[in-house]
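Below: the structure, in C-alpha cells.
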Amino acid sequence: MAQYARGSAVAVIRLRNPPVNALSRAVLQALEDGLKKADADPSVKAVMICGENGKFSAGADIRGFSAPKRLGGALGPIVSLIESSEKPVVAAIEGVALGGGLEVALGCHYRVAHVKARMGLPEVTLGLLPGAEGTQRLPRLIGVPAALDMITTGKHIPATEALKLGLVDEIVEENTIEAAIRLANKVIGQPLGPRRLSLKPVPKVPNMEAFLDEALAKVKRQARGCLAPELCFQAVRAATRSPFAEGVRRERELFQVLLSSGQAQALQYAFFAERAVRRWATPGGASWSSAAPQPVRRAAVIGLGTMGRGIVTSLVKANIPLVALEQDLENLNKGRKAVMLLLEREAMKMEGGAQVLDFHNPARLQFTVDFDLLRDVDLVIEAVFENMALKKEIFHKLSKICKPGALLCTNTSALNIDEIASATNRPQQVIGTHFFSPAHVMRLLEIIYGRHTSPTAIATAMQLATALKKVGVVVGNCFGFVGNRMMFPYVQQAVFLLEEGSRPDAVDQVLEDFGFKIGPFRMSDLAGLDVGWRSRKDQGLTGPSLPAGTPARQRHGQRYSPLPDLLCERGRFGQKTGKGWYLYEKAGGRTATPDPWLLNFLSQYRDTHGIRTRFIDQEEILERCLFSLINEGFAILAEGIASGPEHLDVIYINGYGWPKHRGGPMFYASTVGLPRVLAKLQKYSEAHPDVPGLQPSAFLKKLAAVGNPPLKEWMSYLSQQSSKL
Ligand SMILES: CCCCCCCC(=O)CC(=O)SCCNC(=O)CCNC(=O)[C@H](O)C(C)(C)COP(=O)(O)OP(=O)(O)OC[C@H]1O[C@@H](n2cnc3c(N)ncnc32)[C@H](O)[C@@H]1OP(=O)(O)O
Ligand SMILES: NC(=O)C1=CN([C@@H]2O[C@H](COP(=O)(O)OP(=O)(O)OC[C@H]3O[C@@H](n4cnc5c(N)ncnc54)[C@H](O)[C@@H]3O)[C@@H](O)[C@H]2O)C=CC1
C-alpha cells in the first residue's frame, strides 16, 4: 500500500509494504491513486515520495513474478506518470532504493538521499533487466559508462557515490524526509522540463561505438552463459542509438526474452533459497525459531595454513578479536606473515583501510604457540591437517583448557564430527564449520551438527556465518557432508571418462561451457592432487597399506581409477608443482596447457589395462558428471542429511562455482525433469554396473514414479522412517 497525506503545499506519498516496501500491485495502485489525488488538488504544489520504516523500496515484489498478472507492464507507466506531473516530485531515499524502487526515484524530478542509503538496479542478478524504463533513464542521468556498470553488474552503490555520479541531488545526515520537503517547497514553480530525464539527451562519450564494443566484450566474458548481463547491455546501447520511446520499446522486448528464458526463474529461486536456508531445522526438532545464539566476544583459530589464514582474515574483517595459534614458532611466523599480507590487501580495498581493521593491535589479533591463551575465548575454530588422530588430540586439549561455555568448531573437509566430539568433555558444544578456500573470499559456510550438538551451538555458528558475511547452511554429519559428498562421484566420473578415452581439457570444456567457473581437472590442479591422495592413503585405497594382490582398477568390488594416485607418485600435484592434469609455466603457475606427456601416459595406461579408447561426446560427459552428483544429492535428502533441495543448491552455488543462472544442481534436475535424469542414470549404470554412483537413488526413483512433482513438494514424499537421524 501507499499512504497519501497532505500537510502544507507538499503532498506526501509513503510506500508501505513491510519489510522492504516491495512494489506489489496494491502498492503501485495506491501510488497511482496518490499521484492523481495530488494532481487534482489545487492546494498541492509539490509531491514527496518516501518509504515506510526508513526504506524507500527494494523494488518489484519478487514473489509476484510468477503470478499470472505480472507487474512488468504496470510499473513503467507509473514512472512516466510521475515524470510527467506538472507539480515537482521529490524522492526521499532512505535505506534502499533498488530495482523498481530506484526506477520510481528516477521518474521523480529531484532525489534526496540519506548518507547511509544504498541504490542499485539489481535486476540482472535476478535474470532480468530494469524493465520500468530504467535502462533508458539512468544513462541520461549519469552517463553511459556508469549506467552500464550499475545495470550489468547489479551492484548497490552508497549514497556518497550516487552523489558523485549525479544520481542524487543531495545527501543528508539527518532527517531525509524533512530535507526532501524543504527541497520540494523550494522548487515549486520552477520549470520541470530540464528535470524530466526522458527529455534529456544521452551524454556523449568520445568514440562511443569503440567504447561499447569493449564494454560488450567485458560483459560477455564475465557472464559465462548468463543471458541477463548481455541483454542489459543491449538495452543501454539502445538508449545511445534511439530516441527515448523507441529505447523503451526495445527494453520491453528484451525484458520479455529474459522473462521467458528460464534463467530468471532459476536466479529468483536462488535468491529465495539463500533466504530459506537461514530458517534451519534438524530432524531432532531443533530449529532457528527456538534456538538462541550465544555471544562471541573473542575467538581463536588453530592452524595457520591455507584455511586458517583465510579464516583469521574473515574474523578480523568481522571485527571479532582473536588469538591465532600454530604448532611451533617457525609455522607461526610463516602463518603470521601470510595473514598480514592478506589483511593488508583487504585493508587496501576498504575505506579507512588498516585503521578500520586495526590488525596490528595485539588486543584484536594475537599470534601465539601457547594453548593457555585460549582459556577465555568464546569460540575456537580448528584448521589443522586433515588427520583424525591429530584433531582428536587437539579437541581433547581444548576441552581441558577452554572455559566451559566455549564452542569448539572443526574445519574438517570430511571427517566424522561425532568422533572428534568424543575426545572432549562437551560434545554438545562441538560443531563442524566447513569453510571453502580461499576462506576470506568464498561465501559458503557448511555448518555440521553431530549427534550431540546443541541447538545453541548451531544457532551460534549460524550467527557467526552472518557476522562473517557468509551464507551458513546447516547439514548433518556424514563422510564429506553435503558439498564434498556430492563432489566425489562427479570427480570420479570425470576420471573414468579419461580412462575410457576423453581428455582433461575436453571434460573441463564441457563443464565450463555449462557455466562452472572451472572444470574438475583445473579444479583438482588448483586444490592440489596430493590432498585427495593423502585421504585415499588414509582410507587404505592406495599406498603401502593396500593389501597385496588388490586389482589395480577395483576396490571393494567397485570400479576404482588409480590415475590420480599414479600422477601423485610422479610428483604431479597440480599447480604447486607446475604439473598435474595440465602443464603450467612453472611451479605455482596458473596458466594450464594440455600436456603431451599426460596424453601419452593416458594412452599407455589404456593399453596396459586393455581399455578400448572410444570417442565420448559432450552429452555423455555432461550427463555422467552432473547426474551422478545430483543422484548423490537425492541420497543425501533421503537420509535427512539436509532438510531440503534448496540447501544443496545454496551449497553448490556458493561453495563450488555452480552457475547461479542454473539454480543449483537440484533445481537443474527439476528443469531437466526427473524421469529423464532417472532414465539416463539407468542407461549409464547398465553400461557401468560396477559404479554405485550411477545407480539411481531410491528417492529419485520414487519422485519420478509419483509423476515428477515440483521441487518444493519433494520433501513431502519422504517417509519419516527413511530418515537415518
Ligand atoms: C514479471 C516481472 C515484473 C518485473 C517488474 C519490473 C520492475 C523491475 O524493474 C524489477 C525489480 O524491481 S526486481 C527487484 C529488484 N530488487 C532486488 O533485487 C532487491 C532484492 N532484495 C535485496 O537485495 C535485499 O533483500 C535487501 C537489500 C532489500 C534487504 O536485505 P536484508 O538482508 O536486510 O533483508 P532480506 O532478508 O534480504 O529481506 C527481508 C525480507 O524481504 C524479502 N524481500 C527482499 N526484497 C524483496 C523483493 N524485492 N520482493 C519481495 N520480497 C523481498 C526477503 O525475501 C525477506 O523475506 P523473508 O525471506 O520472508 O525473510
Ligand atoms: N585446503 C582446502 O582447500 C580446504 C581444507 N579444509 C580442511 O581444513 C583443514 C586445514 O587444511 P589446510 O589449511 O589446507 O592445511 P594446511 O596444511 O595448509 O595447514 C594446516 C596447518 O595446521 C598447522 N598445525 C598442524 N598441527 C598443529 C597443531 N598441533 N597445533 C597448531 N597448528 C597445527 C600446521 O602447521 C599448518 O600450518 C583440514 O582439515 C582440511 O581438510 C577445508 C576446506 C578446504
Side-chain angles (χ1 to χ4, degrees), residues 300-314 322-339 342 366-374 377 380-398 400-402 408-417 419-420 423 430-448 470 473 475 479-485 487-488 491 518 520 522-539 573-576 651 654-657:
V301 174
I302 305 182
L304 302 178
T306 310
M307 296 306 290
R309 295 163 190 185
I311 298 170
V312 168
T313 304
S314 275
L322 80 143
V323 183
L325 185 140
E326 254 294 346
Q327 57 177 332
D328 53 39
L329 284 175
E330 192 187 333
N331 279 297
L332 184 72
N333 286 333
K334 224 161 84 183
R336 185 207 314 255
K337 250 194 198 156
V339 166
L342 283 179
Q366 186 176 16
F367 290 90
T368 187
V369 288
D370 182 1
F371 267 83
D372 267 352
L373 293 186
L374 309 190
V377 299
V380 182
I381 302 172
E382 163 278 312
V384 302
F385 306 128
E386 184 80 339
N387 177 289
M388 181 56 92
L390 175 63
K391 295 214 189 244
K392 281 170 87 171
E393 183 193 318
I394 289 192
F395 273 72
H396 181 65
K397 210 167 182 179
L398 288 174
K400 287 208 283 195
I401 289 172
C402 294
L408 309 181
C409 311
T410 171
N411 179 53
T412 167
S413 306
L415 297 177
N416 188 337
I417 305 298
E419 192 175 341
I420 296 174
V430 175
I431 193 162
T433 46
H434 183 200
F435 290 77
F436 287 72
S437 182
H440 61 296
V441 177
M442 297 296 284
R443 287 188 76 219
L444 180 63
L445 183 63
E446 216 178 13
I447 294 173
I448 307 107
K470 296 199 185 289
V473 185
V475 301
F479 188 74
F481 319 125
V482 166
N484 285 343
R485 180 170 157 183
M487 182 61 36
F488 296 141
V491 174
I518 46 175
R522 264 185 253 278
M523 188 185 69
S524 302
D525 273 359
L526 179 69
L529 270 67
D530 52 322
V531 179
W533 191 37
R534 209 173 309 133
S535 159
R536 289 191 297 279
K537 282 195 279 193
D538 288 348
Q539 294 172 61
F573 291 172
Q575 287 190 5
K576 59 176 93 163
I651 286 174
N654 292 288
Y656 293 85

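Counting convention: from 1, in listed order, for ligands and their atoms alike.
- Interface of Ser413 with ligand 2, defined as ligand atoms under 4.0 Å from a residue heavy atom, comprises 5 (C), 6 (N), 7 (C), 40 (C), 41 (O), 42 (C), 43 (C).
- Atom CE of Met388 sits about 10.0 Å away from atom CZ of Phe395, to the nearest 0.5 Å.
- Per-residue contacts place Leu390 under 4.0 angstrom from the following atoms of ligand 2 (heavy atoms of the residue considered): 26 (N), 29 (N).
- Under the 4.5 Å side-chain criterion, counting only non-hydrogen atoms from C-beta, Gln327 is not in contact with Val384.
- Rounding to the nearest 0.5 Å places CD of Glu446 at 10.0 Å from OG of Ser413.
- Under the 30°/60° scheme for interplanar angles, the aromatic rings of Phe436 and Tyr656 are found to stand perpendicular.
- Among protein heavy atoms, the minimum distance from atom 3 (O) of ligand 2 is reached at Ser437 CB, 3.4 Å.
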Begin from the C-alpha positions of Val377 and Val323 and carry the test side chain to side chain contact (heavy atoms under 4.5 Å, CB included) through to its verdict.
-> CA-CA 8 Å; Val377 299; Val323 183; 4.3 Å; yes

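- Of all the listed residues (Phe435, Phe436, Phe385), Phe435 holds the heavy atom that lies closest to atom 43 (C) of ligand 2.
- Shortest contact from atom 18 (O) of ligand 2 to any protein heavy atom: Thr306 N, 2.9 Å.
- Side chain of Gln366 to backbone of Thr368: no donor-acceptor contact under 3.5 angstrom is found.
- Close N/O approach between Glu386 and ligand 2 is found [any backbone or side-chain N/O within under 3.5 Å].
- Short contacts between ligand 2 and Gly303, defined as distances under 4.0 Å to a heavy atom of the residue, involve ligand atoms 22 (O), 23 (C), 32 (N).
- Here the CG atom belonging to Asn333 is positioned 10.5 Å from the CG atom belonging to Leu304, to the nearest 0.5 angstrom.
- A salt bridge links Arg534 with Asp530: the closest approach of a Lys/Arg side-chain nitrogen to an acidic carboxylate oxygen falls below 4.0 angstrom.
- Of all protein heavy atoms, the one lying nearest to atom 28 (C) of ligand 2 is Gln327 CB, 3.6 Å.
- The protein heavy atom nearest to atom 10 (C) of ligand 2 is Val384 O, 3.2 Å.
- Protein heavy atom closest to atom 29 (N) of ligand 2, with residue, atom name and distance, is Ile394 CD1, 3.6 Å.
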Step-by-step side chain to side chain contact (heavy atoms under 4.5 Å, CB included) determination, Leu526 to Ile518 = CA-CA 10 Å; Leu526 179 69; Ile518 46 175; 3.8 Å; yes

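- Taking atom 2 (C) of ligand 2 as the reference point, the nearest protein heavy-atom neighbour is Met307 SD, 3.6 Å.
- Residue contacts with ligand 2 include Lys391, since one of its heavy atoms falls under 4.0 Å from the ligand.
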Step by step, work out the side chain to side chain contact (heavy atoms under 4.5 Å, CB included) result for Phe481 and Ile651.
-> CA-CA 11 Å; Phe481 319 125; Ile651 286 174; over 6 Å; no

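- No N or O atom of Thr412 sits closer than 3.5 Å to an N or O atom of ligand 2.
- The protein heavy atom nearest to atom 19 (O) of ligand 2 is Gly305 CA, 3.2 Å.
- Polar contact with ligand 2: absent for Ile302 (N/O pair, distance under 3.5 Å).
- Inside a 4.0 Å radius of atom 15 (O) of ligand 2 there is not any protein heavy atom.
- The distance from atom CG of Leu398 to atom CZ of Phe371, rounded to the nearest 0.5 Å, is 5.5 Å.
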Evaluation steps, side chain to side chain contact (heavy atoms under 4.5 Å, CB included), between Leu325 and Leu373 | CA-CA 9 Å; Leu325 185 140; Leu373 293 186; over 6 Å; no

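- Note: Arg336 CZ to Asn331 CG = 12.5 Å, rounded to the nearest 0.5 Å.
- Regarding atom 7 (C) of ligand 2, its nearest protein heavy-atom neighbour is Asn411 O, 3.1 Å.
- Residue-ligand proximity: Ala527 is placed with every non-hydrogen atom at 4.0 Å or more from ligand 2.
- Interface atoms of ligand 2 facing Asn331, defined by a heavy-atom separation under 4.0 Å, are 35 (O).
- Under 4.0 angstrom from ligand 2, there are no non-hydrogen atoms of Thr410.
- Selection from Glu446, His434, Glu326, Arg309 by nearest heavy atom to atom 35 (O) of ligand 2 gives Glu326.
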